[in-house]
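Presented below is the structure to which this report refers.
Given the structure is predicted, the values throughout are model-derived calculations rather than measurements. Letters A, B, ... mirror the listed sequences (proteins, then strands); counts begin at 1.
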2 protein chains.
Amino acid sequence: MNQIREAQAHIFKALGHPSRLIMLAALRDGEKCVCDLQALVGLDMSTVSKHLSVLHAAGIVDKEKRGTNIYYRLTLCCLETFLACTEDAIRRRLAAKAKLLED
Amino acid sequence: MNQIREAQAHIFKALGHPSRLIMLAALRDGEKCVCDLQALVGLDMSTVSKHLSVLHAAGIVDKEKRGTNIYYRLTLCCLETFLACTEDAIRRRLAAKAKLLED
DNA sequence: TGGCTACTTGACAAAATAGCCAAATATTCT
DNA sequence: AGAATATTTGGCTATTTTGTCAAGTAGCCA
(Lines give C-alpha, C1' and ligand atoms only; values in the text may rest on other atoms or scores of the structure.)
Protein backbone atom coordinates (compact mmCIF):
# COMPACT_ATOMS: atom_id res chain seq x y z
CA MET A 1 0.00 0.00 0.00
CA ASN A 2 2.79 2.37 0.88
CA GLN A 3 4.48 1.39 -2.35
CA ILE A 4 1.38 2.69 -4.10
CA ARG A 5 1.60 6.02 -2.29
CA GLU A 6 5.25 6.37 -3.24
CA ALA A 7 4.51 5.76 -6.89
CA GLN A 8 1.53 8.04 -6.74
CA ALA A 9 3.58 10.79 -5.14
CA HIS A 10 6.10 10.28 -7.90
CA ILE A 11 3.40 11.01 -10.47
CA PHE A 12 2.13 14.08 -8.67
CA LYS A 13 5.60 15.43 -8.07
CA ALA A 14 6.25 15.10 -11.78
CA LEU A 15 3.07 17.05 -12.49
CA GLY A 16 4.04 19.77 -10.04
CA HIS A 17 5.87 22.18 -12.30
CA PRO A 18 4.38 24.87 -14.57
CA SER A 19 6.65 24.12 -17.52
CA ARG A 20 5.81 20.46 -17.37
CA LEU A 21 2.10 21.25 -17.25
CA ILE A 22 2.42 23.52 -20.25
CA MET A 23 4.09 20.71 -22.16
CA LEU A 24 1.49 18.19 -21.06
CA ALA A 25 -1.32 20.51 -22.10
CA ALA A 26 0.29 20.70 -25.53
CA LEU A 27 0.57 16.93 -25.67
CA ARG A 28 -3.17 16.66 -25.23
CA ASP A 29 -3.37 17.59 -28.93
CA GLY A 30 -1.06 14.76 -29.89
CA GLU A 31 2.62 13.84 -29.84
CA LYS A 32 5.34 16.49 -30.05
CA CYS A 33 9.11 16.38 -30.44
CA VAL A 34 11.42 17.95 -27.89
CA CYS A 35 12.12 20.95 -30.11
CA ASP A 36 8.40 21.69 -30.41
CA LEU A 37 8.12 21.65 -26.65
CA GLN A 38 11.23 23.73 -26.20
CA ALA A 39 9.77 26.41 -28.47
CA LEU A 40 6.68 26.32 -26.30
CA VAL A 41 8.25 26.81 -22.89
CA GLY A 42 11.32 28.79 -23.96
CA LEU A 43 13.87 27.12 -21.71
CA ASP A 44 17.21 25.61 -22.58
CA MET A 45 16.87 22.42 -24.58
CA SER A 46 18.70 20.48 -21.89
CA THR A 47 16.28 21.72 -19.28
CA VAL A 48 13.31 20.69 -21.38
CA SER A 49 14.88 17.29 -21.90
CA LYS A 50 15.25 16.86 -18.16
CA HIS A 51 11.66 17.88 -17.54
CA LEU A 52 10.55 15.29 -20.08
CA SER A 53 12.65 12.61 -18.46
CA VAL A 54 10.93 13.38 -15.16
CA LEU A 55 7.55 12.89 -16.83
CA HIS A 56 8.75 9.71 -18.47
CA ALA A 57 10.17 8.27 -15.27
CA ALA A 58 6.78 8.84 -13.66
CA GLY A 59 5.06 7.00 -16.49
CA ILE A 60 3.10 10.02 -17.62
CA VAL A 61 4.52 10.16 -21.14
CA ASP A 62 6.01 7.72 -23.61
CA LYS A 63 8.73 8.47 -26.12
CA GLU A 64 9.52 7.17 -29.55
CA LYS A 65 12.47 7.96 -31.71
CA ARG A 66 11.84 8.60 -35.39
CA GLY A 67 14.79 9.86 -37.37
CA THR A 68 16.74 12.36 -35.34
CA ASN A 69 13.66 13.43 -33.38
CA ILE A 70 12.17 11.98 -30.27
CA TYR A 71 8.41 12.25 -29.99
CA TYR A 72 6.67 12.32 -26.66
CA ARG A 73 3.02 11.51 -26.05
CA LEU A 74 0.65 11.12 -23.10
CA THR A 75 0.13 7.69 -21.59
CA LEU A 76 -1.73 8.29 -18.36
CA CYS A 77 -5.29 7.93 -19.54
CA CYS A 78 -7.03 9.72 -16.69
CA LEU A 79 -4.74 12.72 -16.72
CA GLU A 80 -6.81 14.76 -19.17
CA THR A 81 -9.91 14.62 -17.01
CA PHE A 82 -8.06 15.66 -13.92
CA LEU A 83 -6.17 18.46 -15.64
CA ALA A 84 -9.44 19.81 -16.92
CA CYS A 85 -11.02 19.46 -13.51
CA THR A 86 -8.26 21.28 -11.63
CA GLU A 87 -8.32 23.99 -14.27
CA ASP A 88 -12.01 24.47 -13.63
CA ALA A 89 -11.49 24.52 -9.88
CA ILE A 90 -8.78 27.15 -10.26
CA ARG A 91 -10.87 29.26 -12.59
CA ARG A 92 -13.72 29.13 -10.08
CA ARG A 93 -11.36 30.23 -7.31
CA LEU A 94 -9.97 33.09 -9.35
CA ALA A 95 -13.49 34.18 -10.24
CA ALA A 96 -14.56 34.01 -6.60
CA LYS A 97 -11.55 36.07 -5.57
CA ALA A 98 -12.27 38.65 -8.29
CA LYS A 99 -15.88 38.90 -7.13
CA LEU A 100 -14.73 39.38 -3.55
CA LEU A 101 -12.50 42.27 -4.56
CA GLU A 102 -15.37 43.86 -6.49
CA ASP A 103 -17.34 44.80 -3.38
CA MET B 1 -3.37 30.97 -18.93
CA ASN B 2 0.05 30.75 -17.36
CA GLN B 3 -1.52 31.81 -14.11
CA ILE B 4 -3.65 28.69 -14.37
CA ARG B 5 -0.59 26.50 -14.87
CA GLU B 6 1.08 28.03 -11.84
CA ALA B 7 -1.94 27.37 -9.66
CA GLN B 8 -2.30 23.91 -11.09
CA ALA B 9 1.34 23.14 -10.42
CA HIS B 10 0.78 24.36 -6.89
CA ILE B 11 -1.94 21.76 -6.43
CA PHE B 12 0.13 18.95 -7.90
CA LYS B 13 3.19 19.87 -5.91
CA ALA B 14 1.07 19.69 -2.78
CA LEU B 15 -0.10 16.22 -3.80
CA GLY B 16 3.46 15.08 -4.49
CA HIS B 17 4.45 13.60 -1.17
CA PRO B 18 3.71 10.11 0.20
CA SER B 19 2.75 11.30 3.69
CA ARG B 20 0.35 13.84 2.28
CA LEU B 21 -1.23 11.20 0.06
CA ILE B 22 -1.64 8.87 2.99
CA MET B 23 -3.43 11.61 4.88
CA LEU B 24 -5.61 12.48 1.90
CA ALA B 25 -6.55 8.85 1.45
CA ALA B 26 -7.66 8.80 5.07
CA LEU B 27 -9.65 11.99 4.57
CA ARG B 28 -11.64 10.27 1.85
CA ASP B 29 -13.52 8.56 4.71
CA GLY B 30 -14.37 11.91 6.30
CA GLU B 31 -12.76 14.65 8.34
CA LYS B 32 -9.91 13.93 10.75
CA CYS B 33 -8.10 15.97 13.37
CA VAL B 34 -4.35 16.54 13.24
CA CYS B 35 -3.68 13.98 15.95
CA ASP B 36 -5.55 11.29 14.00
CA LEU B 37 -3.42 12.01 10.97
CA GLN B 38 -0.25 12.12 13.00
CA ALA B 39 -0.98 8.65 14.38
CA LEU B 40 -1.44 7.53 10.79
CA VAL B 41 1.82 8.76 9.30
CA GLY B 42 3.98 8.57 12.43
CA LEU B 43 5.88 11.82 11.97
CA ASP B 44 6.41 14.65 14.39
CA MET B 45 3.22 16.62 15.01
CA SER B 46 4.88 19.76 13.69
CA THR B 47 5.77 18.00 10.47
CA VAL B 48 2.21 16.79 10.03
CA SER B 49 0.93 20.28 10.67
CA LYS B 50 3.21 21.65 7.99
CA HIS B 51 2.10 19.02 5.51
CA LEU B 52 -1.48 19.97 6.21
CA SER B 53 -0.76 23.63 5.72
CA VAL B 54 0.72 22.81 2.32
CA LEU B 55 -2.50 21.01 1.39
CA HIS B 56 -4.57 23.86 2.74
CA ALA B 57 -2.59 26.52 0.89
CA ALA B 58 -3.21 24.60 -2.32
CA GLY B 59 -6.93 24.53 -1.61
CA ILE B 60 -7.08 20.76 -1.36
CA VAL B 61 -8.37 20.62 2.20
CA ASP B 62 -10.38 22.86 4.50
CA LYS B 63 -9.95 23.15 8.23
CA GLU B 64 -12.33 23.88 11.06
CA LYS B 65 -11.53 24.34 14.70
CA ARG B 66 -13.81 22.68 17.21
CA GLY B 67 -12.67 22.84 20.81
CA THR B 68 -8.96 22.24 21.00
CA ASN B 69 -8.95 20.14 17.84
CA ILE B 70 -8.65 21.23 14.25
CA TYR B 71 -10.46 19.06 11.75
CA TYR B 72 -9.36 18.79 8.15
CA ARG B 73 -11.48 17.61 5.25
CA LEU B 74 -11.22 17.29 1.47
CA THR B 75 -12.46 20.13 -0.70
CA LEU B 76 -11.20 19.32 -4.19
CA CYS B 77 -14.13 17.43 -5.61
CA CYS B 78 -12.36 15.68 -8.46
CA LEU B 79 -9.45 14.48 -6.37
CA GLU B 80 -11.02 11.18 -5.38
CA THR B 81 -11.52 10.06 -8.93
CA PHE B 82 -7.99 10.89 -9.91
CA LEU B 83 -6.45 9.30 -6.84
CA ALA B 84 -8.36 6.13 -7.59
CA CYS B 85 -7.34 6.29 -11.22
CA THR B 86 -3.63 6.74 -10.56
CA GLU B 87 -3.80 3.94 -8.00
CA ASP B 88 -5.23 1.66 -10.65
CA ALA B 89 -2.60 2.70 -13.16
CA ILE B 90 0.15 2.00 -10.66
CA ARG B 91 -1.29 -1.35 -9.70
CA ARG B 92 -1.44 -2.30 -13.36
CA ARG B 93 2.19 -1.29 -13.81
CA LEU B 94 3.31 -3.24 -10.78
CA ALA B 95 1.37 -6.27 -12.00
CA ALA B 96 2.91 -5.97 -15.45
CA LYS B 97 6.38 -5.76 -13.95
CA ALA B 98 5.72 -8.79 -11.75
CA LYS B 99 4.53 -10.76 -14.76
CA LEU B 100 7.63 -9.76 -16.68
CA LEU B 101 9.87 -11.10 -13.92
CA GLU B 102 7.94 -14.36 -13.84
CA ASP B 103 9.29 -15.57 -17.18
C1' DT C 1 -5.09 31.37 37.69
C1' DG C 2 -2.43 27.46 36.36
C1' DG C 3 -1.84 23.42 33.95
C1' DC C 4 -3.07 20.31 30.22
C1' DT C 5 -3.87 19.12 25.43
C1' DA C 6 -3.88 20.28 20.47
C1' DC C 7 -1.83 22.67 17.13
C1' DT C 8 1.24 26.15 14.68
C1' DT C 9 5.49 28.71 13.90
C1' DG C 10 10.51 29.76 13.66
C1' DA C 11 15.17 28.30 13.20
C1' DC C 12 18.10 25.33 11.22
C1' DA C 13 20.56 21.19 8.72
C1' DA C 14 20.18 17.80 5.05
C1' DA C 15 18.41 16.49 0.79
C1' DA C 16 16.11 17.29 -3.59
C1' DT C 17 15.07 20.28 -7.63
C1' DA C 18 15.67 23.66 -11.46
C1' DG C 19 18.34 25.96 -14.55
C1' DC C 20 22.38 26.73 -17.47
C1' DC C 21 26.63 25.54 -19.99
C1' DA C 22 29.60 22.35 -22.10
C1' DA C 23 30.40 17.82 -23.69
C1' DA C 24 28.71 13.31 -25.42
C1' DT C 25 25.64 10.49 -28.48
C1' DA C 26 22.96 9.32 -32.46
C1' DT C 27 21.05 10.02 -36.98
C1' DT C 28 20.87 11.95 -41.39
C1' DC C 29 22.92 14.25 -45.43
C1' DT C 30 26.75 15.23 -48.58
C1' DA D 1 34.26 10.11 -43.54
C1' DG D 2 32.72 14.71 -42.05
C1' DA D 3 29.23 18.23 -41.07
C1' DA D 4 24.79 19.37 -39.27
C1' DT D 5 20.75 18.56 -36.38
C1' DA D 6 18.25 16.66 -32.32
C1' DT D 7 18.56 15.06 -27.92
C1' DT D 8 20.69 13.49 -23.52
C1' DT D 9 24.07 13.63 -19.73
C1' DG D 10 27.38 15.60 -16.34
C1' DG D 11 28.83 19.33 -13.58
C1' DC D 12 27.77 23.20 -11.17
C1' DT D 13 25.15 26.83 -8.32
C1' DA D 14 20.97 28.74 -6.43
C1' DT D 15 16.63 27.70 -4.52
C1' DT D 16 13.12 24.87 -2.41
C1' DT D 17 11.54 21.14 0.42
C1' DT D 18 11.50 18.00 4.39
C1' DG D 19 12.08 16.95 8.99
C1' DT D 20 13.27 17.90 13.89
C1' DC D 21 13.46 20.55 18.10
C1' DA D 22 12.10 24.33 20.81
C1' DA D 23 9.06 27.94 21.64
C1' DG D 24 4.51 30.16 20.98
C1' DT D 25 -0.77 30.28 20.77
C1' DA D 26 -5.43 28.79 21.95
C1' DG D 27 -9.19 26.32 24.26
C1' DC D 28 -10.62 23.58 28.29
C1' DC D 29 -10.85 22.07 33.08
C1' DA D 30 -9.61 22.07 37.96
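Regarding contacts with the backbone of C/dT27, every side-chain N or O of A/N69 stays at 4.0 angstrom or more from both OP1 and OP2. Considering only side-chain N and O atoms, A/T68 lies nowhere under 4.0 angstrom from the phosphate OP1 or OP2 of D/dA6.
C/dA18 atom P lies 12 Å from atom CG of A/L15, rounded to whole Å. The interatomic distance linking A/H51 (NE2) with D/dT9 (C1') rounds to 16 Å, in whole Å. A straight line from NZ of B/K13 to P of C/dA16 spans 17 Å, rounded to a whole angstrom. For the pair B/H17 NE2 and C/dA15 C1', the computed distance is 11 Å after rounding to whole Å. The interatomic distance linking B/M45 (CE) with C/dG10 (P) rounds to 18 Å, in whole Å. Counting to the nearest Å, the C1' atom of D/dT8 and the CG atom of A/L52 are 11 Å from each other.
B/K50 comes within 4.0 angstrom of a base, heavy atoms only. Nucleic acid contact for B/R20: sugar-phosphate only, since backbone atoms but no base atoms lie under 4.0 Å from a heavy atom of the residue. Counting any heavy atom pair closer than 4.0 Å across all strands shown, B/Y72 reaches sugar-phosphate atoms only and no base atom. Using a 4.0 Å heavy-atom criterion, one finds that B/S46 contacts the bases of the nucleic acid, with or without backbone contacts as well.
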